[in-house]
Amino acid sequence: MIKSELIQRLTEENPHLYHRDVERIVSTVFDEIASALSSGDRVELRGFGAFSVKRRDARMGRNPRTGEAVPVPEKHVPFFKTGKELRLRLNDGADGDDDED
């Protein structure tokens, strides 16, 4: 699912909201998550998962074309760890209904 599909689905499920308002809400949520991560904070959405930033140490890499050793600087990369509820939902079925046996 891409961002525009998410906005479209939320708009369909909430007909009392304008499309532009849903778009603004989704963009604001994503911007706040990105802002928190860039500040070094962790973002946890209970039942869904947690976003954090992992640090990758500087290292020596290789140029695949020439085989020459090249220094690769330290970098920070986003990391997502799924929450328990999401993991259970993915592994027990797409609908998440466990009590229909």
Single-linkage hydrophobic cluster Val29~Phe48, side-chain heavy atoms < 4.5 angstrom: yes
Test item: Lys3 and Ser27 side chains (from C-beta on) under 4.5 Å apart, heavy atoms: yes
Same cluster (ILVMFWY, side-chain, under 4.5 Å), Ile33 and Val77: no
Donor-acceptor pair, side chain of Arg87 and main chain of Thr82, under 3.5 angstrom: yes
Closest non-hydrogen atom pair, Arg42 against Ser52: CG-CB, 4.2 Å
Separation between CG of Leu90 and CG of Leu86, rounded to the nearest 0.5 Å: 4.5 Å
Arg9 atom CZ: more than 12 heavy-atom contacts under 6.0 Å: no
Closest heavy-atom pair and its distance - Gly47, Glu85: O-CB, 3.4 Å
Check: Glu5 side chain, Ile2 main-chain N or O, donor-acceptor pair, under 3.5 Å: yes
Glu44, CD atom: more than 12 neighbouring heavy atoms under 6.0 Å: yes
Inter-residue atom distance Arg62.CZ - Glu68.CD, 0.5 Å rounding: 9.5 Å
Cluster overlap Val53 with Phe80, hydrophobic side-chain contacts below 4.5 Å: yes
Interatomic spacing from CD in Glu32 to CG in Asp41 - rounded to 0.5 Å: 11.0 Å
Inter-residue atom distance Glu23.CD - Thr28.OG1, 0.5 Å rounding: 10.5 Å
same_hphob_cluster(Tyr18, Val26) at 4.5 Å side-chain heavy-atom cutoff: no
In one Ile/Leu/Val/Met/Phe/Trp/Tyr side-chain cluster, 4.5 Å: Ile7, Leu17: yes
Separation between OG1 of Thr11 and NE2 of His16, rounded to the nearest 0.5 Å: 10.5 Å
Donor-acceptor under 3.5 Å (Ser38 side chain, Ala34 main chain): yes
Distance in Å, Lys84 NZ paired with Arg46 CZ, rounded so as to fall on 0.5 Å steps: 12.5 Å
